[in-house]
Amino acid sequence: MAEAADSPGTAPSPARRWLRRTGALLAGVPLLTGLLQLPAHADPSDSARAASGPGSVAVAVDSFTPAVPGEGDTLTVSGTVTNKGKQAVTEAHVGLRVGPVLTTRSAIDDAARDADDPDVGGGTEVGGKYVAEFDKLTPGVAEHFTISVPVDELDLGGDGVYPLGVALSGETAAQPWERVLGVQRTFLPWQPDGAETQTRTTVLWPLISTVHMTVETGSDAGQTPVFLDDGLAAEIAPGGRLEQLLTLGKELDVTWVIDPDLLASVDAMADSYRIRGKDGTTTAGTQQAVAKQWLAALQEAVRDKEVVALPFADPDLASLAHNGTGVTSSLSQLKAATDVAATTVETVLHVTPSTDFAWPVDGAVDRSIVKVATSAGADKVIARNDSLKETGGLPYSPSAARPIGGGTTAVVADGRLSKAFQGDLTKASASTLAVQEFLAQSLALNLQTTKQRSIVIAPQRMPTAKQAQAMAAAVTALQGGPWTQPQGLPEAAKAKPDAGATTKVPSRSAYPSALRKQELTRSAFQDIGTTQDKLDNFKVILTDQSRVVTPFGRAVNREMSTSWRGRAAEASAFRQDVRAYLDTLAGQVKLIDKSETKLSGRSATIPVTVQNNLVQGVDHLVLRLTSTNPTRMEFGGEGFVQERIEVSGGHSTTVKFPTSAHVNGKTTLIAQLYTEDGRPYGSAVTFDVKVTEITATVMLVIGGGVLLLVLAGFRMYTQRKRAAARAAEAGDPQDPQDTVETDGSDGADESGRADDGPVNHDAPEERLMGESVVPPGTDDPEQPSDETPDTAAESTDPSGTGERVDR
């Protein structure tokens with residue numbers, strides 16, 4: 001009572017000092033008596049404090065309405081009190097205590113840190129009938145309270161922020177006198193007559209999520225996408241995080257900041273999609289209706305509103321600046337992500353977004369980040385004033401826009417307001433306190449000067465549903481308050497900068513170490529570069545590159561996403577998945593393995609088969625066959641021969657290369673596919689060719705066989721001549737060709753028929769020197785789906801041992 005009566009900054013009178021000391025002495029008598037009665041092994045001070053000391057009752061303020069009261073309003077505060085001690089609290093009541101006005105933003109920070117400390121002074125209790133009374137507070141039991149008091153009874157002074165303490169006072173058996181046992185302080189912003197100058201306030205409303213789509217697509221015409229899980233459906237379903245952001249944001253005057261990857265993912269869900277299970281199998285997705293409903297609501301919400309599109313998949317600019325610029329193609333990935341952003345937003349939402357803003361993580365910038373952020377075309381960087389700190393000694397928070405050189409503007413968000421909703425707001429009391437502190441900081445900022453300023457609020461990228469609800473409540477109260485007026489982000493970036501505002505971007509060493517630990521590593525960017533190289537090598541052979549380039553290009557963008565911060569294992573798994581799937585597709589175009597080939601003679605044709613198991617055709621490929629020993633075997637005087645090839649989807653083709661051998665023996669040949677620019681494609685096929693020269697003995701055998709054939713033919717001719725002559729002499733009308741004269745040595749029976757049947761002299765020989773000749777009509781069967789063969793069909797089975805070649 002005596003402390004409350006003293007004026008701040010003045011010393012109490014001698015009489016009052018004597019009264020305080022006497023009161024303290026008398027108050028300590030019963031406490032000392034209680035301590036003497038405790039067991040010898042107990043700590044008296046700890047026991048008493050736990051049972052009945054200050055802080056033994058927890059006070060939670062769950063509701064504070066209106067958040068910004070005005071003249072004639074009634075303030076209603078409700079919440080709970082919970083006795084955490086071991087003794088019951090009696091003669092208890094909850095009252096409101098209004099402290100002296102807080103004149104600076106740092107004073108608000110200090111009061112917030114001591115919000116539940118009963119030992120910190122909290123002003124004079126309003127008292128009277130504006131209290132909530134309790135006969136008894138049982139340990140461990142929460143009791144609800146509600147206090148409604150006309151604002152006029154609070155005895156508020158001029159405009160400003162007033163700390164408002166909600167305190168529980170009572171007594172216990174150990175300390176049977178009234179004292180404050182628990183308190184919760186919040187803030188009451190007070191400006192009943194309106195502001196002389198309103199602050200133009202820009203609130204960013206982010207629609208950003210984590211990566212949900214894999215790189216895998218179906219082989220159908222629509223290329224059905226495959227999702228990592230069904231988590232995105234849960235986010236956009238009623239009550240989900242993204243559904244809450246959409247529902248709450250459409251009622252506010254905010255600037256929407258959207259990741260185009262989110263739109264592309266939900267748009268893909270609206271059609272047919274599949275979900276990958278833990279075992280690698282996929283099942284059909286079923287949330288198409290939810291996706292369509294969310295997109296339709298978003299299209300309505302952003303109509304005629306400011307929309308800022310981030311680069312596709314929200315690439316991590318700081319990680320790229322610190323670890324990726326030395327890796328080839330990394331900056332080109334950022335450019336590609338920026339180029340596709342506007343098209344995606346326009347296609348899905350039917351609005352034209354701003355794409356000239358870059359937003360590093362937490363608004364933390366250094367010179368390298370600014371350089372990277374602007375390399376893809378952005379000329380405005382959203383920073384935060386705890387990174388781009390004020391050093392000019394301004395007595396107020398300057399406007400957000402700052403020229404930082406090179407035609408680039410830093411749009412510096414207010415740190416206190418931007419971070420107001422980053423904590424755990426699952427409890428109503430935490431949310432209520434966050435809202436009131438946010439409003440208090442905003443009013444204190446406005447009261448710093450009569451100069452009109454443009455302030456930007458950039459909250460966390462992916463607020464939870466509870467955080468979004470608190471943000472919406474605060475922005476609703478702010479935009480309904482008397483000291484601010486809404487403004488879009490493009491307008492804030494164009495505002496006239498304050499002359500004394502900081503424009504010097506900090507060095508790389510000033511980047512926060514906590515954020516640096518979460519960055520993508522250099523090896524991650526090297527993995528991304530390797531994938532891009534493989535994609536570049538693969539796409540050049542395709543007849544329809546868009547079926548591969550589009551999904552893989554977007555997947556590479558997702559590999560650089562800011563959402564991987566703090567999730568290094570998940571990021572690595574995603575990169576490996578993308579590369580493995582690309583390797584699988586590229587491996588569908590390959591050479592068929594060959595076994596050892598035998599060559600009888602000095603020249604022959606060597607067949608090599610290329611198989612294409614893709615659904616589309618391949619072109620711009622060169623098949624090269626190289627001899628490792630040209631002195632033994634060559635191709636038209638050269639050590640290699642090559643031919644350009646085309647293969648339709650689901651088919652194979654065989655190329656036959658003419659070759660010539662100089663000596664007997666084994667020679668190794670290498671078949672390799674190349675792209676037209678000379679880059680090897682796929683794995684080479686190595687096989688041996690064994691050359692066997694035709695010997696003199698074999699030639700003699702062949703010559704003898706030919707001579708026997710000639711002699712046999714001559715004999716048959718003379719026999720027919722004789723038969724014809726006899727028939728003419730006898731006048732026999734029988735056709736001379738119907739009868740062949742035989743003797744016992746001709747191998748015919750008595751009827752004149754040859755043992756081996758009639759001889760067909762027009763039939764070709766089926767064997768010649770042991771080389772197989774494939775009869776007509778025995779080509780490899782065509783695929784069942786083929787209408788007409790568009791390439792020469794070839795068996796995909798490996799050649800058998802001792803394979804012969806065409807001569």
(request) Kindly indicate, with the supporting measurements, whether the criterion side chain to side chain contact (heavy atoms under 4.5 Å, CB included) is fulfilled by Asp316 and Ser561. (result) CA-CA 6 Å; Asp316 191 336; Ser561 174; over 6 Å; no
(request) Kindly compute the distance separating CG (Leu331) from CG (Leu320), expressed to the nearest 0.5 Å. (result) 5.5 Å
(message) Do Gln244 and Gln469 pair up side chain to side chain, a donor and an acceptor below 3.5 Å, judged on atom types alone?
(response) yes
(request) Nearest 0.5 Å please: distance from the CG atom of Asp424 over to the OG1 atom of Thr464. (result) 8.0 Å
(message) salt bridge (Lys or Arg N to Asp or Glu O under 4.0 Å), that's the test. Do Arg508 and Asp366 meet it? Break it down for me.
(response) CA-CA 5 Å; Arg508 182 167 175 167; Asp366 59 35; 5.5 Å; no
(message) Ring-plane angle category for Tyr581 and Phe552, please: parallel below 30°, perpendicular beyond 60°, tilted otherwise.
(response) parallel
(message) Testing the 3.5 Å rule here: is there a donor-acceptor pair between the side chains of Gln448 and Arg453?
(response) yes
(message) I need the Thr202 OG1 to Asp414 CG distance, nearest 0.5 Å.
(response) 12.0 Å
(request) State, without any angle test, whether Thr247 and Glu243 hold a side-chain donor-acceptor pair at a distance under 3.5 Å. (result) yes
(message) How close do Leu232 and Val266 get, counting heavy atoms only, and between which atoms?
(response) CD2-CG2, 3.9 Å
(request) Considering only NZ, NE, NH1 and NH2 on the basic side and carboxylate oxygens on the acidic side, decide whether Arg579 and Asp583 come within less than 4.0 Å. (result) no
(request) Considering non-hydrogen atoms only, spot the tightest contact between Thr409 and Ala493 and give its length. (result) CG2-O, 4.0 Å
(request) Assess the side chains of Thr199 and Thr201: does a donor N or O sit below 3.5 Å from an acceptor N or O? (result) no
(message) Looking only at side-chain N and O atoms, does Arg558 offer a donor or acceptor that is under 3.5 Å from a partner on Ser563?
(response) no
(message) With a 4.5 Å cut-off on side-chain heavy atoms, are Ile382 and Leu204 touching?
(response) yes
(message) Between Glu519 and Asn323, is there a side-chain donor-acceptor contact under 3.5 Å, judged purely by atom types and distance?
(response) yes
(request) May I ask you to check whether Gln452 and Gln198 show a side-chain donor-acceptor distance below 3.5 Å? (result) no
(message) Using the side-chain contact (heavy atoms from CB on, under 4.5 Å) definition, which of the options Leu417, Leu252, Thr484 pairs with Leu478?
(response) Thr484
(message) Tell me whether the count of non-hydrogen atoms from other residues, nucleotides or ligands lying under 6.0 Å of CG in Asp339 goes above 12.
(response) yes
(message) So for atom CD, which belongs to Gln223, do other residues, nucleotides or ligands contribute more than 12 heavy atoms lying within a distance under 6.0 Å?
(response) yes
(message) We want to know whether Glu235 and Ser209 form a side-chain donor-acceptor pair, criterion being a heavy-atom distance below 3.5 angstrom.
(response) yes
(request) Look at Arg575 together with Glu559 and state whether they make a salt bridge at an N to O cut-off of under 4.0 Å. (result) no
(message) Any salt bridge linking Arg554 with Asp261? Criterion: basic side-chain nitrogen under 4.0 Å from a carboxylate oxygen.
(response) no
(request) Using a strict cut-off of less than 4.0 Å between a Lys/Arg side-chain nitrogen and an Asp/Glu carboxylate oxygen, indicate whether Asp386 and Lys389 qualify as a salt bridge. (result) no
(message) Check Arg303 with Glu300, please: is the shortest side-chain N to carboxylate O separation under 4.0 Å?
(response) yes
(request) Run the salt-bridge test on Asp230 and Arg274 with the 4.0 Å N-O cut-off and return the result as yes or no. (result) no
(request) List the steps, then state whether side chain to side chain contact (heavy atoms under 4.5 Å, CB included) holds for Val308 with Trp359. (result) CA-CA 10 Å; Val308 171; Trp359 190 13; over 6 Å; no
(request) Using distance alone, with no hydrogens and no angle criterion, decide if Gln487 and Ser454 have a side-chain donor and acceptor under 3.5 Å apart. (result) yes
(request) Show your working on side chain to side chain contact (heavy atoms under 4.5 Å, CB included) between Thr281 and Arg276 and close with a plain yes or no. (result) CA-CA 6 Å; Thr281 60; Arg276 179 189 292 173; over 6 Å; no
(message) Does atom NZ (Lys305) have a neighbourhood of more than 12 heavy atoms from anything else shown, all under 6.0 Å?
(response) yes
(request) Would you sort out whether Leu542 and Val548 count as a side chain to side chain contact (heavy atoms under 4.5 Å, CB included), showing the intermediate values? (result) CA-CA 9 Å; Leu542 304 175; Val548 171; 3.6 Å; yes
(request) Can you measure from CG (Leu228) to CZ (Phe574) and round to the nearest 0.5 angstrom? (result) 6.0 Å
(request) Heavy atoms only: give me the nearest Ser546-Pro551 pair and the separation to one decimal. (result) O-CD, 3.7 Å
(request) Identify whether the distance between the nearest side-chain nitrogen and carboxylate oxygen of Asp314 and Arg461 falls below 4.0 Å. (result) yes
(message) If only side-chain N and O atoms count, and only distance matters, is there a donor-acceptor pair under 3.5 Å linking Ser572 with Gln576?
(response) yes
(message) Checking side-chain polar atoms at under 3.5 Å, does Ser319 have a donor or acceptor matched by the opposite partner on His322?
(response) no
(message) Quick one, Lys539 and Asp536 - any side-chain contact, counting heavy atoms below 4.5 Å?
(response) yes
